[in-house]
Engineer: 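One structure follows; several queries about it will come next.
Note that these values count all heavy atoms, side chains included, but never hydrogens, waters or copies made by symmetry.
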Amino acid sequence: MTIPVDPYIETFRQQAERMDELGIPCDPDAAMALLAVFMSEIEGSISEEEMFSLAEIGGHLFREGLQRKMIKN
(Lines give C-alpha, C1' and ligand atoms only; values in the text may rest on other atoms or scores of the structure.)
Protein backbone atom coordinates (compact mmCIF):
# COMPACT_ATOMS: atom_id res chain seq x y z
CA MET A 1 0.00 0.00 0.00
CA THR A 2 1.34 3.40 -0.98
CA ILE A 3 0.90 6.25 1.47
CA PRO A 4 -0.34 9.38 -0.31
CA VAL A 5 2.07 12.30 -0.18
CA ASP A 6 0.87 15.80 0.57
CA PRO A 7 1.12 17.86 -2.65
CA TYR A 8 3.19 20.53 -0.92
CA ILE A 9 5.65 17.97 0.42
CA GLU A 10 5.94 16.60 -3.12
CA THR A 11 6.60 20.14 -4.39
CA PHE A 12 9.35 20.54 -1.75
CA ARG A 13 10.91 17.24 -2.87
CA GLN A 14 10.85 18.29 -6.53
CA GLN A 15 12.36 21.67 -5.67
CA ALA A 16 15.12 19.98 -3.64
CA GLU A 17 15.92 17.72 -6.60
CA ARG A 18 16.01 20.74 -8.93
CA MET A 19 18.36 22.55 -6.55
CA ASP A 20 20.60 19.45 -6.39
CA GLU A 21 20.70 19.28 -10.19
CA LEU A 22 21.70 22.96 -10.34
CA GLY A 23 24.39 22.44 -7.71
CA ILE A 24 22.78 24.81 -5.21
CA PRO A 25 24.25 23.95 -1.80
CA CYS A 26 22.05 22.99 1.12
CA ASP A 27 22.03 26.12 3.27
CA PRO A 28 19.42 26.52 6.04
CA ASP A 29 20.76 30.04 6.65
CA ALA A 30 19.82 31.01 3.09
CA ALA A 31 16.36 29.52 3.60
CA MET A 32 15.95 31.53 6.80
CA ALA A 33 17.02 34.72 5.01
CA LEU A 34 14.57 34.08 2.16
CA LEU A 35 11.79 33.48 4.69
CA ALA A 36 12.63 36.70 6.56
CA VAL A 37 12.50 38.74 3.34
CA PHE A 38 9.21 37.11 2.35
CA MET A 39 7.71 37.81 5.79
CA SER A 40 8.75 41.46 5.64
CA GLU A 41 7.13 41.80 2.22
CA ILE A 42 3.78 40.31 3.27
CA GLU A 43 3.56 41.67 6.81
CA GLY A 44 0.21 43.39 7.26
CA SER A 45 -1.42 41.53 4.38
CA ILE A 46 -1.82 38.21 6.21
CA SER A 47 -3.21 37.32 9.61
CA GLU A 48 -1.20 37.20 12.82
CA GLU A 49 -1.81 33.45 12.91
CA GLU A 50 -0.29 33.06 9.43
CA MET A 51 2.69 35.20 10.43
CA PHE A 52 3.11 33.05 13.54
CA SER A 53 3.13 29.92 11.36
CA LEU A 54 5.86 31.40 9.18
CA ALA A 55 7.79 32.45 12.30
CA GLU A 56 7.54 28.87 13.54
CA ILE A 57 9.09 27.65 10.30
CA GLY A 58 11.86 30.20 10.83
CA GLY A 59 12.34 28.90 14.35
CA HIS A 60 12.87 25.38 13.03
CA LEU A 61 15.41 26.68 10.51
CA PHE A 62 17.16 28.71 13.21
CA ARG A 63 17.46 25.70 15.52
CA GLU A 64 18.81 23.59 12.65
CA GLY A 65 21.42 26.25 11.90
CA LEU A 66 22.34 26.60 15.58
CA GLN A 67 22.69 22.82 15.92
CA ARG A 68 24.93 22.72 12.82
CA LYS A 69 27.16 25.45 14.23
CA MET A 70 27.43 23.70 17.60
CA ILE A 71 28.49 20.43 15.92
CA LYS A 72 31.20 22.28 13.92
CA ASN A 73 32.75 23.72 17.09
Side-chain angles (χ1 to χ4, degrees):
M1 182 170 109
T2 304
I3 298 172
V5 176
D6 182 282
Y8 291 111
I9 300 296
E10 180 60 19
T11 299
F12 298 157
R13 184 193 63 75
Q14 290 173 358
Q15 181 66 10
E17 286 179 357
R18 183 183 148 281
M19 293 167 68
D20 288 343
E21 290 170 3
L22 294 172
I24 298 171
C26 182
D27 184 0
D29 292 337
M32 192 167 34
L34 286 169
L35 179 60
V37 168
F38 177 65
M39 288 175 71
S40 69
E41 291 173 353
I42 63 171
E43 187 175 12
S45 65
I46 64 173
S47 71
E48 285 185 32
E49 185 177 316
E50 291 166 323
M51 280 298 277
F52 179 79
S53 293
L54 293 173
E56 188 172 357
I57 294 166
H60 286 286
L61 291 170
F62 185 86
R63 289 192 327 196
E64 172 64 25
L66 186 61
Q67 185 177 44
R68 234 181 337 102
K69 289 173 185 165
M70 291 174 68
I71 291 172
K72 281 185 179 179
N73 292 332

Engineer: Would Ile24 end up clustered with Phe12 when hydrophobic side chains under 4.5 Å apart are linked, directly or stepwise?
Structural biologist: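 No: no chain of side-chain contacts under 4.5 Å links Ile24 to Phe12.
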Engineer: Would you say His60 and Arg63 make side-chain contact, with heavy atoms under 4.5 Å?
Structural biologist: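 Of all side-chain heavy-atom pairs linking Arg63 with His60, at least one is under 4.5 Å.
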Engineer: Is there a path from Leu34 to Val37 through hydrophobic residues (I, L, V, M, F, W, Y) whose side chains come within less than 4.5 Å of each other?
Structural biologist: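 No, no single cluster joins them.
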Engineer: Taking CD in Gln14 as the centre, count heavy atoms belonging to other residues, nucleotides or ligands within less than 6.0 Å. Is the count above 12?
Structural biologist: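 Atom CD in Gln14 is crowded, with more than 12 foreign heavy atoms closer than 6.0 Å.
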Engineer: Any Lys/Arg nitrogen of Glu10 or Arg13 sitting under 4.0 Å from an Asp/Glu carboxylate oxygen of the other?
Structural biologist: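 Yes, this pair counts.
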Engineer: Counting only heavy atoms not in Glu17, do more than 12 fall under 6.0 Å of its CD?
Structural biologist: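 Yes, because the 6.0 Å sphere around CD of Glu17 holds more than 12 heavy atoms from other groups.
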Engineer: With side chains defined as the heavy atoms from C-beta onward, is the minimum distance between Met39 and Leu35 less than 4.5 Å?
Structural biologist: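 Met39 vs Leu35: side chains touch.
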Engineer: Treat each ILVMFWY residue as a node, draw an edge where side-chain heavy atoms are under 4.5 Å apart, and state whether Leu61 and Met19 are in one component.
Structural biologist: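 No, separate clusters.
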Engineer: Looking at CD1 of Ile46 and CG of Leu54, how far apart are the two atoms once the value is rounded to the nearest 0.5 Å?
Structural biologist: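 Taking CD1 in Ile46 and CG in Leu54, the distance rounds to 5.0 Å.
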